[in-house]
Amino acid sequence: MKVIALNGSPNMANGCTGRLLSCFLDGVEEAGGSVEIFYTRKMEISPCTGELNCWRNSSAHCIHKDDMNSLLPRLEEAEIWVLASPVYFNGVTGPLKVLMDRMLPLGIPETNLLNGHTNHPSRRIIPDGKVVLVSTCGLYEKDNFSATLVHMKAFSKNVDREFAGALLRPHAWVTQQLPSDISLAAKKAGEQLVRRGTLPPDYLSTISRDLVSLDAFLRL
């Protein structure tokens, strides 16, 4: 099973998001998944300029000649996309959003009605293709991920993939190292995604558990 991980954190592997993502991907590999990870900070990806050249030519090539040219074929072949980002003003980081916008060539310039909703179908449908969100935020409550979750679910529907679920870690900065039960739950979640195609709710709940009380958080 091919897994593409896109890390939109400016701190890459060394931030809170990167540490949680690493535990999850360890589990994916433990279960036999093949992982490629890309860091938006290391990539050159120009913003979509909306001229739709990728839809007007049969080759589906974008006018921008940058790192998306090599990434798009990998995305098209991967069964699982893992999008990782800290929450920046209620959404993913800007570079990751730019990357998502540039996925337009993966679709075709037609409009379908699917389950009562219009969308642009993908050029290639991966059976049981999935999207997973890995995200951290600095604020205390889990509902700080609400807007990002809505976006990711809509995005998944638009690219003809199942939204498999999210690993969410609120008030992540409270500890420099993930507690052992959280890192283990993230690893086990990765294993189960490959082996059974699901993210067990008990693992996700452990990953999101409170690290400190609200009073202690405010004092910190």
Closest approach of [X] to [Y] (non-hydrogen atoms, all atoms of both residues):
X	Y	result
Ala13	Asn7	N-ND2, 4.3 Å
Leu25	Ile37	CD1-CD1, 4.0 Å
Phe163	Leu149	CZ-CD2, 4.0 Å
Trp55	Ile108	CZ2-O, 3.9 Å
Val82	Val3	CG2-CG1, 3.8 Å
Ser135	Val87	OG-CG2, 3.6 Å

Option among Val28, Asp26, Leu20 that satisfies the side chain to side chain contact (heavy atoms under 4.5 Å, CB included) test with Phe24: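 It is Val28; the other options fail the test.
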From [atom1] ([X]) to [atom2] ([Y]), nearest 0.5 Å:
X	Y	atom1	atom2	value
Leu72	Glu77	CG	CD	11.5 Å
Trp81	Met152	CH2	CE	11.0 Å
Ile207	Lys188	CD1	NZ	13.0 Å
Ser208	Glu141	OG	CD	13.0 Å
Asn158	His120	CG	NE2	7.0 Å
Ser122	Leu75	OG	CG	11.0 Å

Answer with yes or no whether the hydrophobic clustering places [X] together with [Y]; edges join I, L, V, M, F, W, Y residues whose side-chain heavy atoms lie under 4.5 Å apart.
X	Y	value
Val132	Leu106	no
Ile45	Met100	yes
Leu71	Ile80	no
Val159	Met1	no
Leu199	Val35	yes

Side chains of [X] and [Y], heavy atoms from C-beta outward: is any pair under 4.5 Å?
X	Y	result
Arg169	Leu211	yes
Leu83	Val92	no
Val98	Thr40	no
Ser85	Thr93	yes
Arg209	Ile182	yes
Pro109	Leu52	no
Leu204	Leu168	no
Asn144	Pro170	no

Under the ring-ring contact (aromatic ring centres under 6.0 Å, His included) test, residues paired with Tyr140 that sit two or more places apart: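 For Tyr140, the residues satisfying ring-ring contact (aromatic ring centres under 6.0 Å, His included) (neighbours in sequence not counted) are His171, Phe217.
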I'd like to check the ring-ring contact (aromatic ring centres under 6.0 Å, His included) partners of His64; sequence neighbours left out, ordered by chain and number.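 ring-ring contact (aromatic ring centres under 6.0 Å, His included) check on His64 returns nothing, list empty.
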[X] atom [atom1], over 12 foreign heavy atoms within 6.0 Å:
X	atom1	answer
Asp128	CG	no
Arg41	CZ	no
Lys130	NZ	yes
Gln177	CD	no
Lys65	NZ	yes

Donor-acceptor pair, distance only, cut-off 3.5 Å: does the side chain of Asn53 make one with the backbone of His61?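 Side chain of Asn53 to backbone of His61, a donor-acceptor pair under 3.5 Å: yes, one is there.
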Is there a donor-acceptor contact under 3.5 Å from the side chain of Arg161 to the main chain of Phe155?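 Checked: no pair found.
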May I have all residue pairs that pass salt bridge (Lys or Arg N to Asp or Glu O under 4.0 Å) and include part of residues 102-115, sequence neighbours excluded?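 Listed once each, the pairs are Asp66-Arg102.
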State plainly whether the residues Glu79 and Lys2 are in salt-bridge range, i.e. N to O under 4.0 Å.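 Between Lys2 and Glu79 there is no salt bridge, as every charged N stays at least 4.0 Å from the carboxylate O atoms.
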Ionic contact status for Lys97 with Asp101, cut-off 4.0 Å: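 Counted as a salt bridge, because a side-chain N and a carboxylate O are separated by less than 4.0 Å.
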